Amino acid sequence: MAPKVLMVAEKPSIALSIASVLSGAQMSTRRGSTEVHEFDAMFLGSRAHYKVTSVIGHVFSVDFPAAFQDWTTTNPSDLFQAPILKKETNPKAHICRHLSQEARGCTHLVLWLDCDREGENICFEVIECTGFHTSDGRRIYRARFSSVTEKDILKAMNSLAEPNRDEALSVDARQEIDLKVGVAFTRFQTSYFNGKYGNLDARVISYGPCQTPTLGFCVDRYLQITMFKPEKFWMLHPYIMYKGYELKLEWERSRLFDADVSAMFRNRIIEDGIMKVVRVSEKLESKARPSGLNTVNLLKVASSALGFGPQLTMQLAERLYTQGFISYPRTESTAYPSSFDFKGTLGALVHNPVFGGYAQKLLTESYNKPRAGTDAGDHPPITPMHSASEDSLGNDAWKLYQYICQHFLGTLSPDCKYRRIKVEFESGGEQFQCVGQLATVKGFTSIMPWLAISEKNLPEFAVGEKIEISKVELDEGNTSPPDYLSESELISLMEKHGIGTDASISVHINNICERNYVQVLLYALISNSSCCRLSSLLLSVMVQAGRRLAPTPLGISLIRGYQCIDSDLCLPDIRSFIEHQITLVAKGQADHSMVVQHVLEQFRRKFSYFVKQIDNMDALFEAQFSPLSDSGRLLSKCGKCLRYMKYISTQPARLYCGTCEEVYYVPQKGTVKLYKELTCPLDNFELLLCSLPGPEGKSFPLCPYCFNCPPFEGIDAFFGAPKTGDSTKLGKGVGMPCFLCPHTTCPHSVIAQGVCACPECSGTLVLDPVSAPKWRLYCNMCNCLVSLPEGAHRISTTQDKCPECDSTIIEVDFNKKTTPLKDGATLHKGCILCDELLHSLVEMKHGRSFSRHGRRGRGSGRGRGRGRGGYRGRGRGSNKQDPKMSFRDF
DNA sequence: GCAAGGTC
């Protein structure tokens, strides 16, 4: 039987390329979770049937088991020893099922994942999904390729190897370390500070070995600025008039910090009165054309010249890529493969209305190969693939595309050549100079005009000439602090220190912005280039805004806090330390679990020390933020002390009881207000009415205490919880509103307010108590919405049930003028499913159908009463005093 | 509500 070969790539585009090459473009393609390309060709000397498909990045990601997901009952320090599990990154994509199905009947598996550690790790994810075992006679091969070209693909096919388990394990190690360290610190500091201050305005106060050093760079610069002490300085500038030019000469000493000494030199020059030409030199200089464009450089230019943040830039680039206008935008490489088809790429641009002429000129007058760059073995530099116009792309995407084209054309253009003339003078024993520049070959700067050299003409001087000084200026200045860190500088720092990757740098920067640790300041930039012969469109690219990152009080307090307690925590070395440790695993020099244990133990000690020393960070917060007791407005009464609690509206929204010193989180979306001063029969807390945003937002009552500490077990879907039915995932702000409460006599519970089963899911349709006059039912689990007769004075549930379908009988008090009842009667009782009148008046707003078919009971009896109590609050544990440890000790 | 890494 002919062998069947399954090949798996990291993304659909690579699967397509591989299949095209190996089949000679003679393949059939069918849809699946990802596309599958099939064809027959030779494999290891015999005729074989091929299936080529792909994953979409990692198939799995790590997380904690359900038992460790509850913030209130899990001590963060226990996370270091907690088990972890791998779950599908995107369950909806069904990648695992897809691979398993495609692998059925296959005798050989060839892994075409990207050739880096992450790719090696994904190899083993794929192996797991396919169920291939080396023991069952089926063979597993690893294809190693450095680019997705025909030559490299064929070369890889002829030298199939084995996947590298050590490299894959090093990624497993990083995942576990990042997860445990990040989540432990994040949960601890979030709970600590949000439980103490009311105006942090931060839903989560996160920590991570990439994001925190990223923030650290921004705060470092901020601290430099605040510590800066300006100094006065003086600069001597003599002027001469010569052959019609007025020239301002530069002093060799540049500037002096002493007023008297500067004045003395000034007097000497004035006394001399003559400038003597001592040397005239001319040099031919050159400014090199760029090498290929990689992601980091694209992000930097986009931020400093286009005013686009990294997040936006990557979104735009992704779109340009999927539409076929540019090549793959996530790459470290600045070198093109030797086989790259520059002619073809230029050819693709010749009809472009903006660049066509320039591209044509390069084609006809010959082009230079791009300057050598670095080949990271991933993807070629970012290159235009297709011509596009502004109309077809939209403004922002066009600006980015335009830059990518300009850069590409620049790489193929000649270097810029210019003459640099330096004239040196002497007067009063002091040296001066002036410099002129003249371009001889503009080269790439004619397509990238913002990089052009500034030209300056000088008259011809002869050595020994003496020229009268027309005036002498002594300019006074102040040294000035640096500006806030520009995003472009930050990207350079991250790259230099190995913080993040080409694909994740933008995510880390976006994180520290979204979490309110830094604020983006937009600076207008004016291009100083006026020598552009091309359309003004090109020039306008560079006249946008630059972005700088100013840390917020929260960001500053965090970093200064780490610096007080353990500066390792916010230094970039923390990433290199982890990288160094896992590299030992990747190289097979250390055992995976030993390394993980060792690194986690160090971080556990650091964590423990941090917890003990948190007062030092807290002192900074105290100086900056208001305690909960001073925040918010009085809203509702606490059931324990019967005093009013304060509602704090900044994120995360919560109630604070100053007497009990307790915090109760409320739903984070929508608004809350007091609900008719009604109280919960279980705990005496006053009920709140929460209204979700939007015209069709639900309104529902909730008890603050029950919402945070649900009193009944077995509630199968907490409000706001993921729909995966993971009922133990019960973080703060994810709890039990009254519409999920199975209390049998409380008038607000699902027992009293529930009407019938939801036709869409396993939930219950509940009467919205404040929806008049547009009365409606909504599902307590999904977004199903049913409108009831409009304009009724009152609609309420009764204690009666429909004998036919077990739904709750409702009572409607119609408006006198619009009542559909005979003889102007207004009161009507019935089942909304079985009563013909009522059923004809209800309407399904969201959901497919609404009828008696397929309905169930209203789900009573769910949940069982349980006493209050149990574990509350975060245990601090009884850790021994652990010394702070430095990585450098290991 | 948490990390960082793939990719869409």
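For clarity, every value in this text was computed on a predicted model and none was experimentally measured. The sequence lines fix the lettering, A, B, ..., with proteins before strands; numbering per chain opens at 1.
A:Tyr207 comes within contact range of the sugar-phosphate backbone alone, with a heavy-atom separation under 4.0 Å but no base atom that close. Within 4.0 Å (heavy atoms only), A:Val181 reaches no atom of the nucleic acid at all. Contacts of A:Thr190 with the nucleic acid, taken as non-hydrogen atoms under 4.0 Å apart, include base atoms. Among the protein residues, A:Arg515 comes within range of the sugar-phosphate backbone only, with heavy atoms under 4.0 Å from sugar or phosphate atoms but none that close to a base. Among the heavy atoms of the strands lying under 4.0 Å from A:Gly500 are primed sugar atoms or P, OP1, OP2 only; no base atom is included. Across all strands shown, A:Tyr328 has heavy atoms under 4.0 Å from sugar-phosphate atoms exclusively, and none from any base. Residue contacts shown for A:Arg575 are limited to sugar-phosphate atoms, with no base heavy atom under 4.0 Å away. Residue A:Thr501 is in sugar-phosphate contact alone, with no base atom involved, counting any heavy-atom pair closer than 4.0 Å across all strands shown.
Atom CD1 of A:Ile578 and atom P of B:dA3 are 14 Å apart (whole Å). A straight line from CZ of A:Phe60 to P of B:dA4 spans 23 Å, rounded to a whole angstrom. At whole-Å resolution of the value, CD in A:Glu125 and P in B:dT7 are 12 Å apart. For A:Glu176 and B:dA3, the CD to C1' distance is 13 Å, given to the nearest whole Å. The distance between atom CG of A:Asp201 and atom C1' of B:dG1, rounded to the nearest whole Å, is 15 Å. For the pair A:Leu179 CG and B:dG5 P, the interatomic distance rounds to 13 Å; values are reported in whole Å. Atom CD1 of A:Ile205 and atom P of B:dA3 are 12 Å apart (whole Å). In this entry the distance linking CG of A:Asp114 with C1' of B:dG6 reads 9 Å, nearest Å.
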Side-chain donor-acceptor pairs of residues 510-519 of chain A under 3.5 Å, sequence neighbours excluded:
residue  : atom : partner  : partner atom : Å
A:Arg515 : NH1  : A:Ser206 : OG           : 2.8
A:Tyr517 : OH   : A:Ser206 : N            : 2.6
A:Tyr517 : OH   : A:Ser206 : OG           : 2.9

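Among the nucleotides B:dG5, B:dA3, B:dG1, the one closest to any side-chain atom of A:Pro209 is B:dA3. Side-chain atoms of A:Asn194 lie closest to B:dG1 of the nucleotides B:dA3, B:dG6, B:dG1. The listed nucleotides are B:dA3, B:dT7, B:dG5; the one nearest the side chain of A:Ala503 is B:dT7. Here the side chain of A:Arg203 is nearest to one of B:dG1, B:dT7, B:dA3, namely B:dG1. Of the candidates B:dA4, B:dG1, B:dC2, the closest approach to any side-chain atom of A:Ser206 belongs to B:dC2.
Residue A:Lys180 is the one, among A:Glu318 and A:Lys180, whose nearest nucleotide of DNA chain B lies closer to the 5' end (criterion: closest heavy atom). Between A:Ala184 and A:Glu579, the one whose closest nucleotide on DNA chain B sits nearer the 5' end is A:Ala184.
For the 3.5 Å distance criterion, the side chains of A:Asp378 and A:Thr331 qualify, holding a donor opposite an acceptor.
Judged by centroid separation below 5.5 Å and plane tilt below 30°, A:Trp71 stacks onto the base of B:dG1.
Annotation: ring-ring contact (aromatic ring centres under 6.0 Å, His included) contacts of A:Phe80 (sequence neighbours excluded): A:Phe607.
More than 12 heavy atoms of other residues, nucleotides or ligands shown are found within 6.0 angstrom of CZ on A:Arg30.
For A:Glu120 and A:Arg117, the salt-bridge test fails: no basic side-chain N is under 4.0 Å from an acidic carboxylate O. Taking a cutoff of 4.0 Å between a charged side-chain nitrogen and a carboxylate oxygen, A:Arg165 and A:Asp172 do not qualify as a salt bridge.
Within the 6.0 Å centre-distance limit, the rings of A:Tyr207 and A:Tyr562 are counted as a close aromatic pair.
Under 4.0 angstrom from either OP1 or OP2 of B:dA4 there lies at least one side-chain N or O belonging to A:Gln211. The phosphate of B:dA3 has neither OP1 nor OP2 within less than 4.0 Å of any side-chain N or O from A:His508. Residue A:Arg330 places none of its side-chain N or O atoms closer than 4.0 Å to OP1 or OP2 of B:dG6.
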